[in-house]
Visitor: 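Dropping a structure here in structure tokens format, bear with me for questions.
Letters A, B, ... mirror the listed sequences (proteins, then strands); counts begin at 1.
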Amino acid sequence: MKNHEVAEILSKIAKALALKDENFFKIRAYSRAARAIKDLPEDIEEISKKESLTNIPGVGEGIAKKVKEYLETGKMSKYEEVTRDIPKSLLTLLDIRDLGSKTLGALHKELGVENLDDLKKVIEDNSFQKLEGLGDKSVEKIMENIKVYEKRMGKEHRFLIGEVMATVDQIMKKLKEVDLVSRVAPAGSYRRMKETVGDLDILVESNDNRKVMKKFTAFSEVKKVLESGETKTSVVVEGLDIQMDLRVVPKESFGAALMYFTGSKDHNVRIRSLALKRGLKVNEYGVFRNDTMVAGKTEEEIYKFLNLQFIPPEIREDRGEVEKAMEGQLPKLLGYGDIKGNLHTHTRYSDGENTIRELVKKSIEFGYSYLGISDHSKTASYANGLSVNDLKKQCDEIDKLNKEFDKIRILKGIECDILPDGSLDYDENILKSLDFVIGAIHSNFKKKVTQRMEKALENPYLTILAHPTGRLISKREGYDVDLGSVLDKASKEGKILEINAYYDRLDLDEHNAREAYKKGIKLMINTDAHNLRMFDWMILGIGIARRAWLPSSAIVNTLTLKDFLKAIKRNG
DNA sequence: GCCGTTTTCGGCCCGACTGTTTTCAGTCG
């Protein structure tokens, strides 16, 4: 899959053109094509072979030809051409905050800056400051940002959404307590439930901007204030070192601002162009016809005014949702309150932090009607996997708890290792005695993963296949698995595939979940929880399903207890 | 360079904040 490298090369062309002060729209066209290809769910080589690259929105005849050239020869002459007189080390300097193409272009042209060392040199010898429009403050800012840049050395750092959730909740809670604040909402990729976020956007409804900004910048969670104006304040959050932008807007504009800052950028551009064609202007303050505001209080009002169905934040990516909304053909997505139970949980029996009783109580509080316990199996010694005796003891405890609690049904299960030969980790008799069996690969990643998974799927006692690709976001690529083949097998055997909602897995991801759904495979969102934060992780899993455009009917654990038990009934 | 509810040319989303400036350019989102 060459999507990423093609996107990278197009993005570099965009940067190089920007440094040369080329036509702004041409630059944007390359950037847009790069992003579209990066986010593409399918393999670009497949698209190139089977259909036309111009089917990708943002890719026209020109770029298609260049991409094709690259796919066939491994080279792109346009790239060679535009970077001939621009060193690659210069392009990466654009990742330094507040150092844009105009300034860097001038530095290159006037002072011959080619890399980070050159940049530092011209700052030290004061030649930087002599360029037009640059003074002491600019230099100071850039110097500060160079330090940040060096720390992460050009890598684009993104935070896992699960890492930032607690902080976002806490800061929002404090904002709600500020006087004259009537509403607080997250926006940006956080609201769109992307698996990672680059920064955080928070929106506040208030008529006293100054007071809110003053209170906010004084929060103990704020490490540093980057900028602070009437409507916008940017800070760095203590601990995480993530940037947070706070916007304060009046009531009549809240919907417009929420929509605008939720994005995605492509979605917004789409909406605004659409509005323009209808003689309307959309900005973060509202929808305007000849300077008269005609909508803006809520997002619902705005979409309605534009003659569109309401588009849920999770699918605002300009991947066809605007067209569907125009035709009134958007699917009704899985709702955050639709889930009735969770099967993948760990307790103190293996590597979890809580007792079964604690998980049960919390699940009842949450209104769930079933909870499955699935600790690790005996081979998973690193995770304190259960011996046959431990497992029997656990089952006895579950029997007792089921008698004690009548609001919820506790199900006996196991997260059973799929061994190198594709067999499961306990004897048939043990597996038979359980309510469900989750099969999972935890070791020997290089050993015939596809065959092992498929053999496990043939096992009559296996109920669910856990984290099917094994990826850990931004840490590990995942198993060397032919997922298409595994999906076909799961479909044939009628087995359930897991959407593992644990925040560093989110596996299946939105694209693969969509593929599985299209093949008619039953899916289940599981938290893989090791503590009581399982309900946070469940939200992330639901977010993935929504981003994959899945309706509630695609997800097994939206079923009532009775129907759910029917659905997990195994063949054997 | 892309694209079409003014469709093969002529547009292309829009505004806030900052710094260096007396009106604006650069950067960011």
Visitor: Mind checking the C1' distance from B/dT20 to B/dT27? Whole angstroms is fine.
Guide: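 My reading of the C1' atoms in B/dT20 and B/dT27 gives 14 Å.
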
Visitor: Rounded to whole Å, how long is the line connecting atom CZ of A/F288 with atom C1' of B/dC14?
Guide: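 After rounding, the gap between these two atoms is 12 Å.
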
Visitor: With C1' as the reference atom in both, quote the distance from B/dT18 to B/dT23 in angstrom, rounded to an integer.
Guide: 15 Å

Visitor: Tell me which nucleotide, if any, is Watson-Crick or G-U wobble paired with B/dT8 when both distances must be under 3.5 Å.
Guide: none

Visitor: Please state how far atom CG in A/N145 lies from atom C1' in B/dT18, giving the value in whole angstrom units.
Guide: 13 Å

Visitor: Nearest of B/dC14, B/dT27, B/dG29 to any side-chain atom of A/D245?
Guide: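 In terms of side-chain proximity for A/D245, the closest of B/dC14, B/dT27, B/dG29 is B/dG29.
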
Visitor: Answer whether the closest heavy-atom distance between the side chains of A/E317 and A/E510 falls below 4.5 Å.
Guide: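 No. Closest side-chain heavy atoms not under 4.5 Å.
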
Visitor: Would A/E284 and A/K232 pass as an ion pair if we require N to O under 4.0 Å?
Guide: no

Visitor: When you get a sec, tell me which of B/dG1, B/dA16, B/dT27 is the closest nucleotide to the side chain of A/D98?
Guide: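 Selected nucleotide (nearest to the side chain): B/dT27.
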
Visitor: Count the heavy atoms of every other residue, nucleotide or ligand shown that sit under 6.0 Å from CD of A/Q129, and state whether that count exceeds 12.
Guide: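 Yes.
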
Visitor: Counting heavy atoms from C-beta on, name the nucleotide in B/dG29, B/dT6, B/dT27 closest to the side chain of A/S101.
Guide: B/dT27

Visitor: Under 4.0 Å from OP1 or OP2 of B/dC12: is there any side-chain N or O of A/S273 that close?
Guide: no

Visitor: Whole-Å distance between B/dG19 C1' and A/K130 NZ?
Guide: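 So the two atoms are 19 Å apart, to the nearest Å.
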
Visitor: Calculate the interatomic distance between A/F25 atom CZ and B/dC3 atom C1'; express it in whole Å.
Guide: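 So the two atoms are 13 Å apart, to the nearest Å.
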
Visitor: For A/L274 and B/dC13, give me the distance from atom CG to atom P, rounded to whole Å.
Guide: 13 Å

Visitor: With sugar-phosphate meaning primed atoms plus P, OP1 and OP2, does A/I96 contact a base, only sugar-phosphate, or nothing at under 4.0 Å between heavy atoms?
Guide: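 Sugar-phosphate, backbone atoms only, no base.
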
Visitor: Taking the nucleotide of DNA chain B with the closest heavy atom to each, which residue, A/I27 or A/Q243, is nearer the 5' end?
Guide: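 Nearer the 5' end of the strand: A/I27.
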
Visitor: Touch check for A/S234, heavy atoms < 4.0 angstrom, all strands: base, sugar-phosphate only, or nothing?
Guide: nothing

Visitor: Using a strict threshold of under 4.0 Å (side-chain N to carboxylate O), is an ion pair present between A/R316 and A/E321?
Guide: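 Salt bridge: no.
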
Visitor: Are A/K121 and A/E124 ion-paired here, with the side-chain N under 4.0 Å from a carboxylate O?
Guide: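 No, this pair does not count.
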
Visitor: Of the non-hydrogen atoms in A/A33 and A/V59, which two are nearest, and what is the gap between them?
Guide: CB-CG2, 4.1 Å

Visitor: Can you tell which of B/dG15, B/dT20, B/dG1 lies closest to the side chain of A/K26?
Guide: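 Output: B/dG1.
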
Visitor: Provide the distance between the two C1' atoms, one in B/dC13 and one in B/dC3, to the nearest whole Å.
Guide: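 Their C1' atoms lie roughly 16 Å apart.
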
Visitor: Under 4.0 Å, counting only non-hydrogen atoms across every strand here, what does A/F261 touch: a base, just sugar-phosphate, or nothing?
Guide: nothing

Visitor: Considering every strand and a 4.0 Å limit on heavy-atom distances, what is the contact class for A/K66: base, sugar-phosphate, or nothing?
Guide: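 Sugar-phosphate contact only.
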
Visitor: For A/K265, report the nucleic acid contact type (base, sugar-phosphate, nothing); a contact means any heavy atom under 4.0 Å.
Guide: base

Visitor: What integer number of Å spans the C1' atoms of B/dG11 and B/dT7?
Guide: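 To the nearest whole Å, 12 Å.
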
Visitor: Between A/R28 and B/dC13, does any side-chain N or O lie under 4.0 Å from OP1 or OP2?
Guide: yes

Visitor: To the side chain of A/I63, which of B/dG1, B/dC14, B/dA16 is closest?
Guide: B/dG1

Visitor: By nearest heavy atom, map A/G135 and A/M326 onto DNA chain B; which one lands nearer the 5' end?
Guide: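 The residue mapped nearer the 5' terminus is A/M326.
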
Visitor: Mind checking whether A/V269 and A/D318 have side chains closer than 4.5 Å, heavy atoms only?
Guide: no

Visitor: Using a heavy-atom cut-off of under 4.0 Å over every strand shown, decide if A/R270 touches base, sugar-phosphate, or nothing.
Guide: nothing

Visitor: Using the side-chain heavy atoms of A/D201, tell me which of these nucleotides is nearest: B/dA16, B/dG29, B/dC13.
Guide: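 The answer is B/dG29.
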
Visitor: Would you mind classifying the nucleic acid contact of A/F24 as base, sugar-phosphate or nothing, using non-hydrogen atoms under 4.0 angstrom?
Guide: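 Nothing: the residue A/F24, judged by heavy atoms under 4.0 Å, touches no strand.
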
Visitor: Look at the side chain of A/Y260 against the base of B/dG29 and say whether a donor-acceptor pair falls under 3.5 Å; ignore hydrogens and angles.
Guide: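 A donor-acceptor contact between them is present.
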
Visitor: Nearest to the side chain of A/R272, heavy atoms from C-beta on, is which of B/dT27, B/dG29, B/dC14?
Guide: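 Nucleotide nearest to A/R272's side chain: B/dC14.
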
Visitor: Just checking, A/R192 and A/F261: is the charged tip under 6.0 Å from the six-membered ring centre and within 45° of the axis?
Guide: no

Visitor: Using the C1' atom in both, what is the distance from B/dC14 to B/dC9, to the nearest Å?
Guide: 24 Å

Visitor: Using the C1' atoms only, state how far B/dT22 lies from B/dG29, rounded to an integer number of Å.
Guide: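 Looking at atom C1' only, B/dG29 and B/dT22 are 28 Å apart.
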
Visitor: Using the C1' atom in both, what is the distance from B/dT6 to B/dC12, to the nearest Å?
Guide: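 That atom pair is separated by 15 Å.
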
Visitor: Just to confirm, is there a sub-4.0 Å distance from OP1 or OP2 of B/dG29 to any side-chain nitrogen or oxygen of A/R97?
Guide: yes

Visitor: Mind checking if A/N268 touches a base, just sugar-phosphate, or nothing, with heavy atoms under 4.0 Å?
Guide: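 Result for A/N268 = nothing.
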
Visitor: Is A/S138 near enough to B/dT20 that one of its side-chain N or O atoms lies under 4.0 angstrom from OP1 or OP2?
Guide: yes

Visitor: Does OP1 or OP2 of B/dC17 have a side-chain N or O of A/S228 closer than 4.0 Å?
Guide: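 It does not, given that no N or O in the side chain of A/S228 lies less than 4.0 Å from OP1 or OP2 of B/dC17.
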
Visitor: Looking only at the side chain of A/E227 (C-beta and beyond, no hydrogens), which of the listed nucleotides B/dG19, B/dC12, B/dT18 gets closest?
Guide: B/dT18

Visitor: Looking at A/K65, does any N or O in its side chain come under 4.0 Å of the phosphate oxygens OP1/OP2 on B/dG1?
Guide: no

